[in-house]
Structure formats: structure tokens, C-alpha cells
Amino acid sequence: MKEMEIIHPLRTDSTLSFYWLPDFSPISVSTVPHIKGVSCFAHDVAEEGRIGEDGTIELCVAKRRVLQIYKIGEHVQMKKEMPLPDGAITLARHGRYVCLADHYNYKLIDLVIPNPIALVPTPQVAISSPTVRGNTQMVPRPVLTVIRPNEFLVVSGSISSPSNDILLYRYRMQKI
């Protein structure tokens with residue numbers, strides 16, 4: 001890795017590619033290959049602004065039906081892979097815990113004991129079809145974030161529900 005330069009991932013058309021900051025120059029694909037089929041990704045908030053002792057960063061990458069943890073530095077190494085039957089739309093990570101949303105529910109995952117825990121439904125928003133008059137469909141619009149170590153905030157409900165309730169939930173994972 002170049003001294004005083006930072007690796008920055010960028011997702012375009014479900015492909016994660018990597019660039020040197022601050023000049024945003026692409027990293028050679030032969031050095032750090034692109035990761036394809038990515039629906040969403042997140043870095044570990046617990047490591048924000050830091051690079052590991054081995055000169056790497058970790059990324060949590062969701063693909064169609066799998067969650068992968070990568071170590072990225074001079075090269076890319078897949079550290080862990082686990083099934084994710086419902087995929088993911090968005091995710092956040094703090095240490096060993098991941099909070100994600102799929103089309104149906106928010107879920108918490110302990111990466112050491114990867115058994116997803118379903119939380120609350122993912123909020124849905126009615127979207128009108130631009131091509132078919134009178135045709136609306138419900139589209140998931142999850143919002144989640146890390147608020148402190150091992151603690152996540154998720155939004156549920158819908159502005160298009162009869163009660164117009166938006167609910168905030170706070171989940172804290174306890175280490176086993």
C-alpha cells in the first residue's frame with residue numbers, strides 16, 4: 001500500500017471497485033480485483049478511520065444470497081462467507097455484529113455464531129408504476145445505523161400506512 005494513501009471502495013452496477021484516496025486513482029484489477037454481484041456493503045464502524053495492524057481494512061459485502069467478509073489491502077482475501085437466504089438491501093456493521101435489512105425484515109447477525117435473528121418488518125413504500133396506470137407496488141425502504149458499540153437503530157412502519165406511524169427501534173447485542 002502506498003504511504004499516506006487510503007483505499008476507498010465504490011459500488012457501480014453491482015460491482016465493487018477500489019480507488020486510492022485522496023487522488024481517486026483506480027487500483028489495478030490485477031492487484032485488488034473487483035467484487036461482482038454486490039447488492040450492498042459496509043465497513044466496520046468500530047474500525048472507522050483506522051487501518052488494521054496488517055495494513056488492511058475489512059468490508060462486509062452482501063451478494064444475492066450470501067454475506068462475505070473481505071480483508072482488503074495489497075490484495076483481497078475473503079475471510080468469511082455465510083448464507084443469506086433473503087439477501088440484503090442495506091447493512092451496517094460494528095465489530096462482530098451486523099444489522100441488515102432484506103425485502104421483509106431487519107435482522108441481527110453475530111459473525112462468530114452466524115444465526116440471523118429477525119427483528120421487525122422492513123418499511124414499505126407504495127410506488128406507482130410509470131408504465132401501467134393505477135398499478136402500485138410496495139417497495140422496501142429500510143433505514144438503519146450504528147448508534148454505539150454493538151447497538152443499532154432501525155426505522156419501521158410506513159408513511160403510506162393507515163396510521164402513518166413511523167417507529168424507531170433500538171437493538172443492543174450482548175456478547176456471549
Within a strict 4.5 Å, meaning less than it, do heavy atoms of the [X] and [Y] side chains meet?
{"X": "D54", "Y": "K71", "result": "yes"}
{"X": "L111", "Y": "V98", "result": "yes"}
{"X": "I35", "Y": "F18", "result": "yes"}
{"X": "Q68", "Y": "K80", "result": "no"}
{"X": "V146", "Y": "R93", "result": "no"}
{"X": "L91", "Y": "C60", "result": "yes"}
{"X": "V61", "Y": "V38", "result": "yes"}

Do the side chain of [X] and the main chain of [Y] share a donor and acceptor less than 3.5 angstrom apart?
{"X": "S39", "Y": "A88", "value": "yes"}
{"X": "Q124", "Y": "T122", "value": "yes"}
{"X": "R65", "Y": "P85", "value": "yes"}
{"X": "K63", "Y": "K36", "value": "yes"}

Measure across I109 and P114 and return the closest heavy-atom pair with its distance rounded to 0.1 Å.
CG2-CA, 4.2 Å
Test side chain to side chain contact (heavy atoms under 4.5 Å, CB included) applied to [X] - qualifying residues, sequence neighbours left out:
{"X": "R64", "result": "none"}
{"X": "I89", "result": "H103, P140, P142"}
{"X": "E47", "result": "D44, R50"}
{"X": "V120", "result": "Y106, V154, S156, Y169, Y171"}

Under the salt bridge (Lys or Arg N to Asp or Glu O under 4.0 Å) test, residues paired with [X] that sit two or more places apart:
{"X": "R148", "result": "E151"}
{"X": "K79", "result": "E58"}
{"X": "K107", "result": "D86, D102"}
{"X": "E81", "result": "none"}

Can you tell me how far apart [atom1] ([X]) and [atom2] ([Y]) are? Round to the nearest 0.5 Å.
{"X": "T90", "Y": "L100", "atom1": "OG1", "atom2": "CG", "answer": "9.0 Å"}
{"X": "H94", "Y": "N150", "atom1": "NE2", "atom2": "CG", "answer": "6.0 Å"}
{"X": "Y70", "Y": "T56", "atom1": "OH", "atom2": "OG1", "answer": "14.5 Å"}

Residues which pass side-chain hydrogen bond (donor to acceptor under 3.5 Å, both in side chains) with E48, listed by chain and number, not counting sequence neighbours:
H43
Just jot down the side-chain hydrogen bond (donor to acceptor under 3.5 Å, both in side chains) partners of N115, sequence neighbours excluded, or say none.
none
Would you be so kind as to tabulate the donor-acceptor pairs closer than 3.5 Å made by side chains of residues 26-34, with sequence neighbours excluded?
residue, atom, partner, partner atom, Å
S28, OG, S30, N, 3.2
S28, OG, S30, OG, 2.7

Quick test of your reading: applying side chain to side chain donor-acceptor pair (under 3.5 Å), list the pairs with at least one residue in residues 137-146, sequence neighbours left out, ordered by first then second residue.
none
With F152 as partner, the option from I147, L108, L119 fulfilling side-chain contact (heavy atoms from CB on, under 4.5 Å) is L108
